[in-house]
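To start, the structure under review is shown below, and the notes come after it.
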Amino acid sequence: MKFRELGLSEDLLKAIEDKGFKEATPIQAETIPLTLQGKDVLGQAQTGTGKTAAFALPIIEHVDLDNPNVQALVISPTRELAIQTQSEISRFGKEKGVKAVSVFGGSDIRRQIQSLKRRPQIVVGTPGRLLDHINRKTLKLDHVKTLVLDEADDMLDMGFLDDIESIIKQVPEDRQTLLFSATMPAQIKRVGVQFMKDPQQVTIKAKELTTDLVDQYYIRVKQFEKFDIMTRFFDIQAPKVTIVFCRTKRRVDEVSKGLLLRGYRAAGIHGDLTQNRRSQIMKDFKNDKIDVLVATDVAARGIDISSVTHVYNYDITQDSESYVHRIGRTGRAGRHGVSMTFVEPNETSYLRDIEKLTKVRMLPLKPPSADEALKGQLEVATKEIGSLIEKTKMDAFADSAEELLAQYDAKDLVSVLLSKMTRNQVKVHISAEKPLPNKNKRGHGGGYRGNRGGGNHRRNGGGYRGNRGGGNGNNRRRYSGNGNHRDDHKNGGRSSNGKRPNKSFTIKNKD
DNA sequence: AAAAAAT
């Protein structure tokens, strides 16, 4: 479906073309006409299929440039998402002359007040700071025509709901209400439709809730070996742009420190950091200054960095919806992605719950051995040598090279080079966490029975526990990386200065 | 049980 057929004006069509969009995605094609008609819309579609543009374009279309009031309000669950959404709206609205601003906590409120005074027609914000502005009377919502709850199921969940209700009270009754998300549990949808009038539900039907652009794997691990196993996968898969999700802020700190010690260009992000730091890290990740972003669920939703190749769930999610959003950070806008989920022995029920929601079976992988990991590193190093030979100015080193070749065996010299190009396995200890509570959900006996690996999974040799009941033999495939689908990795995330710490380091548990 | 979100 072409954007031109959706009833958008020339200004917007030009902005869409500038952005490089060719055809409307299904969610855009189906919701944009409804939204343009002024209907309330509940839009559900897979991650990475352009939901932001789906609500942004008709909102911009509806903006009356002669009306000095805020005409549309978008509420987002995280600050980073608010920033991103505002900037996408601004890009689309530039041609028409539409102004959008974002307001969120942790950053100078006076500056935000100034930007609100410049009469934006569209405001994007996080709940707490929006309420702050409302109370200060620096934001007036009494002329809002369209209200959007982005990541609607998150915004309507407990923890956000009270704030959302307070904000909605400030918006006129006869507004248009739009709810968008990739996930929408039934009980939350019931809450949501109470804020809507004659809601038009658009659900882009897909066999699976997750996009098939992401290959989903899981690995059974013990807690104490998880960090080492993850970095072995790094060695073998040579992931280029990577997000590692952890369950808690402290784990994010520990894992990101550990990765730094191993020589990866990694940084952690979570809600206890200052907003300046959060923004800096997002910027570094986008600008390729960081290869591995270690994050809590603060980065699980909405963040659109289409170059992300791998998502590692260092800690599995308890909340299946959260899993869908996490792995949706990759496989965006038609690109391919890989997700890797580590499952501790007592977490099997979470794996089952996730698969029940996504309707996708994750494929089991065996943890690589240290030898296999080294082999992976050597493969990367070998490829790197080719490009280094092209790039290095040889003249400066030629004489020393001659001397060394006269003195030593060439094979020894190259071995030294390779040993310098591979990563030292600095010892890193990540603290254990309290095990997750055992879920004995009532009424959980119905239907789905994974029957993985058969009941008798003791002593199965090296942790390969795959081969669940319905497999087709194809899930014996081992590593997802490095196969036929990616030759563009540069250096597998290795810091380029060649300096690697080699002391052992334990990250202490503060308790 | 955790994370997010105002100071």
Side-chain angles (χ1 to χ4, degrees), chain A residues 73-85 102-113 116 123-139 149-168 170 181 183 188 223 243-255 268-279 281-282 293-303 313-326 329 344 346-347 349-350 353-354 431-441 511:
Chain A
L73 175 67
V74 181
I75 314 180
S76 301
T78 65
R79 298 166 184 176
E80 284 72 22
L81 187 53
I83 295 167
Q84 176 186 294
T85 304
S102 55
V103 299
F104 48 85
S107 90
D108 186 8
I109 196 159
R110 284 163 304 176
R111 280 236 295 276
Q112 289 177 3
I113 292 171
L116 289 170
V123 171
V124 185
T126 50
R129 184 55 70 89
L130 282 170
L131 282 172
D132 199 351
H133 281 294
I134 290 167
N135 293 333
R136 289 165 186 255
K137 312 225 184 292
T138 49
L139 174 62
L149 300 189
D150 196 10
E151 305 295 344
D153 56 329
D154 205 12
M155 307 308 307
L156 294 165
D157 206 352
M158 275 150 26
F160 270 133
L161 187 57
D162 288 349
D163 284 353
I164 296 302
E165 283 181 326
S166 308
I167 295 169
I168 292 183
Q170 306 298 317
S181 184
T183 54
I188 296 205
Q223 190 278 140
I243 304 180
V244 174
F245 283 106
C246 301
R247 186 180 298 127
T248 64
K249 298 168 191 169
R250 196 168 78 194
R251 291 271 267 215
V252 165
D253 290 336
E254 291 175 342
V255 170
I269 186 167
H270 58 64
D272 278 354
L273 306 182
T274 65
Q275 189 52 41
N276 275 344
R277 179 107 181 100
R278 283 169 63 164
S279 299
I281 287 166
M282 289 306 293
L293 182 71
V294 186
T296 58
D297 278 341
V298 70
R301 283 178 179 256
I303 300 305
N313 288 308
Y314 187 86
D315 297 309
I316 194 171
T317 54
Q318 317 88 309
D319 175 33
S320 301
E321 276 78 21
S322 171
Y323 172 89
V324 172
H325 292 279
R326 281 180 176 189
R329 295 319 96 213
E344 295 179 28
N346 61 335
E347 294 171 336
S349 70
Y350 293 103
D353 287 352
I354 290 167
S431 69
E433 294 219 328
K434 273 185 288 183
L436 289 170
N438 243 336
K439 285 205 309 195
N440 285 320
K441 267 202 255 163
D511 291 343

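Letters A, B, ... mirror the listed sequences (proteins, then strands); counts begin at 1.
Here A:G159 lies in heavy-atom contact (under 4.0 Å) with a base. Using a 4.0 Å heavy-atom distance criterion, A:F160 is classed as a base contact. Residue-level contact check: A:R301 touches neither bases nor backbone, having no heavy atom under 4.0 Å from any strand. Within the 4.0 angstrom heavy-atom criterion, only backbone atoms of the sugar-phosphate kind lie near A:R278; the bases stay farther away.
If you measure from atom CG of A:L273 to atom C1' of B:dA4, you get 13 Å, rounded to the nearest angstrom. Summarising the geometry, the separation between CG on A:N135 and P on B:dA5 is reported as 19 Å, rounded to the nearest angstrom. Atom CZ in A:R247 sits about 9 Å away from atom C1' in B:dA2, given to the nearest Å. Straight-line distance from the CG atom of A:D162 to the C1' atom of B:dA4: 14 Å, rounded to whole Å. For the pair A:N346 CG and B:dA1 P, the interatomic distance rounds to 15 Å; values are reported in whole Å. For the pair A:Q112 CD and B:dA5 C1', the interatomic distance rounds to 13 Å; values are reported in whole Å.
Note on A:R79: a side-chain N or O is less than 4.0 Å away from OP1 or OP2 of B:dA6. Using a 4.0 Å cut-off, some side-chain N or O of A:T126 falls inside it from OP1 or OP2 of B:dA6. The shortest distance between the side-chain N/O atoms of A:T296 and the OP1/OP2 oxygens of B:dA2 is not below 4.0 Å.
In this structure, the salt bridge (charged side-chain N to carboxylate O under 4.0 Å, His left out) partners of A:D153, at least two apart in sequence or on a different chain, are A:R301. Applying the side-chain hydrogen bond (donor to acceptor under 3.5 Å, both in side chains) test to A:S107 and every residue at least two apart in sequence or in another chain returns A:Q112.
Distances were taken from every side-chain heavy atom of A:Q318 (C-beta onward) to each of B:dA6, B:dA2, B:dA4; the shortest belongs to B:dA2. Considering only the side chain of A:P127, B:dA5 comes nearest among B:dA2, B:dA5, B:dA4.
A donor-acceptor pair is defined here as one N or O able to donate and one able to accept, closer than 3.5 Å; such a pair exists between the side chain of A:S181 and the backbone of A:T183. Of the possible donor and acceptor atoms, one in the side chain of A:N135 sits under 3.5 Å from a partner among the backbone N and O of A:L131. Here the side chain of A:T317 pairs no donor or acceptor atom with the backbone of A:S320 at under 3.5 angstrom.
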